[in-house]
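Please read the structure below before turning to the comments.
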Amino acid sequence: MLDGRGSIRRRSGARLWLSAVWLTLFVLAALLAPWISPHDPLAQDLMLGRLPPAWVAGAEPGYWLGTDSLGRDVLSRIIHGARIALVVALIAGTATCLLGSALGMVAGFYRGWADRLISRLVDIWMAFPPVLFAILLIAVLGTGLTSVILAIVIIDWTRFCRVVRAETLNQSKMDYVHSAKVAGFTRLRTLATEILPNVLPTIIALLTLEMGIAVIVEAILSFVNLSISTDQPTWGGMIAEGRTSIHQAWWVLVFPLVALFLTVLSFAQFGDGLRERFDPVLR
Amino acid sequence: MSGFLEIRGLSARLAGTGQRLLRSVDISLPAGCVRGLVGESGAGKSMIGKAVLGVLPKAVEIIEGEILLDGQDLQKVSPAERRRLIGAKAALIPQDPLTALNPSRRIGPQITDRLVDILGWTKARATTRALEVLAEVSIPEPERIMRLYPHELSGGMRQRILIASAFAAEPKLIVADEPTTALDVTVQKQILKLISELQARHGTALLFVTHDLGVVSKVCDTLSVLYAGKVVEDTTVERFFAAPQHGYSSALLAATPRHTDPSSSLKPVPHEVLETVAAEIAASDAAWRPNGGARG
Ligand SMILES: Nc1ncnc2c1ncn2[C@@H]1O[C@H](COP(=O)(O)OP(=O)(O)OP(=O)(O)O)[C@@H](O)[C@H]1O
Ligand SMILES: [Mg+2]
């Protein structure tokens with residue numbers, strides 16, 4: 001069939017599929033890192049410093065994506081870097097989503113003082129430049145994985161809160177909410193079974209987007225040396241190190257950047273695709 | 001004699017501005033009868049329906065009067081008790097079938113949920129009942145329809161489902177707020193007929209909000225003509241169409257195009273008539289004092 005809906009569905013199908021493939025690779029790499037990475041990501045060998053990737057002249061067999069200036073294998077470091085990225089994406093993404101969505105739904109549905117309080121808080125929060133805020137927070141909390149996750153949650157819950165509040169507000173005006181009230185359902189029940197299913201597609205799309213953002217924020221914090229300890233490879237840390245030798249060994253910078261880019265992009269695309277799958281109206 | 005629904009001296013206003021929305025409204029609706037609420041847009045028709053169903057907007061406050069549902073004053077019970085009372089005895093047929101069904105949920109649970117959760121029926125009994133009422137509103141293959149989402153159905157089908165849903169719990173009172181306005185003209189007639197049939201068969205009292213006098217003549221026994229939140233005429237349908245008592249009613253009747261005469265078109269209510277009603281309302285407002293509060 002060549003109707004509008006059909007072609008739209010096919011396109012979103014491909015998007016969903018491609019992003020799912022990359023995300024699966026990402027998760028597998030993170031889970032199986034110690035077994036699948038060809039080298040020890042921390043092993044230094046100055047004799048093997050700045051080896052180019054396998055298809056460039058002067059490459060050593062076994063070092064597929066080359067080595068950095070200390071002779072560490074870039075591919076192995078990317079694979080190990082996926083671990084931190086995954087942990088941050090999952091934990092920070094989910095926690096941010098839960099906190100922001102819950103507050104957004106309460107504000108949008110119950111209105112009144114709860115809404116005023118939450119909305120004011122969001123306004124104040126939004127006035128801080130997020131990355132500066134994160135750096136400040138880490139400075140206070142100290143570096144480490146927990147601090148990074150906490151910083152992401154504290155900074156980004158407003159993203160969910162604003163959108164989910166607006167969507168909840170929208171849905172609350174619908175006649176079906178009115179009917180639920182007439183039928184005698186409690187407000188909490190109406191929120192949970194009538195409104196939540198309609199807001200859920202939006203929340204899911206935001207959640208996957210947030211997972212991508214969490215990966216970026218972690219990378220930025222690694223880049224400015226404020227994230228996890230330096231002996232654990234992270235994509236942001238690799239990019240920071242690669243920057244200093246960009247003219248001699250571009251691959252040290254480019255490959256982690258590509259991994260980061262593909263992961264963030266896939267999260268966003270996957271979320272959009274999922275929303276279309278989940279939403280009975282769009283389906 | 002007292003009706004199943006008794007509204008006595010109901011006055012309401014906007015909390016912020018103090019604007020009067022309902023002015024000492026009296027409405028009596030015996031069990032099994034149909035009362036039309038007519039009047040132009042903004043007259044307060046929907047407001048009365050919402051007051052009866054306990055879903056007035058937050059900004060609207062009732063200043064005096066009582067709403068008796070089956071003899072119980074809704075103003076005097078706790079909010080939880082009011083919700084339970086209304087849920088058990090009354091139902092709503094909404095105006096817009098597009099937004100009155102939850103787009104993310106299948107039809108089946110949208111009908112059975114309230115039977116199970118509010119009225120305490122078993123799942124099996126609720127499902128049987130849902131299939132029964134769906135068949136009663138001539139929905140083909142009710143089992144299949146119960147598994148569909150609203151967007152998979154036409155507007156007319158959705159309105160049938162909403163009607164079925166309203167009658168499912170055998171309520172004693174149904175408020176229908178312009179149930180056909182959002183539908184095609186051809187579908188409107190079928191839906192009206194359906195509501196009339198079900199109302200008669202089940203002996204349900206029906207409060208029918210509309211601004212279409214043609215519909216009133218087909219569906220209602222009695223009617224209340226509203227203007228600016230005031231009932232200017234409370235009469236039976238026969239008397240109304242034979243000889244309306246109030247100037248505003250006659251003007252409203254004259255303004256309605258006759259279905260038998262396609263050349264006639266909708267005429268506005270004459271200015272003098274509106275001035276007379278406004279003067280009447282101003283006079284009654286001046287005589288009225290909210291209990292305890294002096295208004296400037
Ligand atoms: N949520 C609200 N907040 C404040 N005022 C409202 C609200 N809803 C309605 N009103 C006002 O109450 C008055 C009566 O409104 P109502 O909806 O009962 O009119 P209606 O007779 O049903 O008109 P229509 O034929 O347009 O549906 C109007 O003046 C309207 O502006
Ligand atoms: Mg109305």
Side-chain angles (χ1 to χ4, degrees), chain A residues 3-6 8-9 101 105-116 164 167-206 274-283, chain B residues 46 49-50 52-59 79-107 109-120 148-152 158 162 165-166 168-169 171 173-175 177 179 182:
Chain A
D3 66 328
R5 270 187 93 87
I8 285 170
R9 193 183 313 167
S101 304
M105 285 183 73
V106 166
F109 185 63
Y110 289 96
R111 309 300 311 277
W113 62 266
D115 185 22
R116 281 197 295 278
V164 171
E167 186 63 30
T168 306
L169 202 60
N170 248 346
Q171 295 294 333
S172 303
K173 291 189 195 122
M174 297 289 168
D175 282 353
Y176 68 82
V177 175
H178 202 253
S179 298
K181 198 174 174 192
V182 172
F185 291 122
T186 61
R187 311 244 286 157
L188 189 61
R189 148 88 204 229
T190 306
L191 185 61
T193 64
E194 300 294 326
I195 293 185
L196 182 59
N198 287 292
V199 184
L200 203 57
T202 305
I203 293 182
I204 288 172
L206 278 177
L274 265 194
R275 177 170 58 181
E276 278 162 30
R277 276 291 150 92
F278 256 77
D279 196 328
V281 184
L282 289 175
R283 189 165 47 196
Chain B
S46 300
K50 286 178 185 164
V52 168
L53 296 173
V55 286
L56 279 177
K58 274 212 188 93
E81 176 66 6
R82 185 185 320 149
R83 213 172 44 222
R84 201 195 57 77
L85 262 175
I86 294 169
K89 299 193 171 179
L92 167 75
I93 301 178
Q95 173 174 354
D96 187 358
L98 294 184
T99 64
L101 285 166
N102 191 333
S104 299
R105 305 188 62 211
R106 293 174 200 278
I107 301 294
Q110 296 199 49
I111 301 175
T112 56
D113 264 11
R114 54 184 293 241
L115 303 179
V116 175
D117 296 348
I118 306 292
L119 304 176
L148 297 182
Y149 286 96
H151 69 94
E152 295 171 285
R158 285 187 235 183
L162 288 165
S165 181
L173 170 71
I174 285 182
V175 177
D177 194 343

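Below, chain A is the first sequence line, B the second, and so on; all start at residue 1. As a basis for the values below, the full set of heavy atoms in this structure was taken, side chains included, without hydrogen atoms, waters or symmetry mates.
One distance of note links NE2 of A:H178 with CG of B:D177; it measures 8.5 Å at 0.5 Å rounding. In this structure, OG1 on A:T186 lies 7.5 Å from CD1 on B:I118, to the nearest 0.5 angstrom. To the nearest 0.5 Å, atom CG of residue B:L92 and atom CG of residue A:D175 are 8.0 Å apart.
Residues B:A100 and A:S179 come closest through the heavy atom pair O-OG, 4.3 Å.
By the side-chain contact (heavy atoms from CB on, under 4.5 Å) test, A:T190 is found to be paired with A:F109, A:V177, A:A180, A:F185, A:E194, residues two or more places apart in sequence or in another chain being considered. Listed by chain and residue number, B:I111, B:L115, B:V133 satisfy the side-chain contact (heavy atoms from CB on, under 4.5 Å) test with B:A168 (two or more places apart in sequence, or in another chain).
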Q | Derivation of the side-chain contact (heavy atoms from CB on, under 4.5 Å) call for A:K181 and B:R83 | A | CA-CA 8 Å; A:K181 198 174 174 192; B:R83 213 172 44 222; 5.7 Å; no

Q: Carefully, step by step, assess B:T99 and A:K173 under the rule side-chain contact (heavy atoms from CB on, under 4.5 Å).
A: CA-CA 9 Å; B:T99 64; A:K173 291 189 195 122; over 6 Å; no

Q: List the steps, then state whether side-chain contact (heavy atoms from CB on, under 4.5 Å) holds for A:R189 with B:D113.
A: CA-CA 11 Å; A:R189 148 88 204 229; B:D113 264 11; 2.7 Å; yes

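Within the 4.5 Å cutoff, the side chain of B:P150 has no heavy atoms near those of the A:Y176 side chain.
If you measure heavy-atom distances from B:R84 to chain A, you find no contacts under 4.5 Å at all. Using a 4.5 Å cut-off between heavy atoms, B:I86 touches chain A through backbone and side chain atoms alike.
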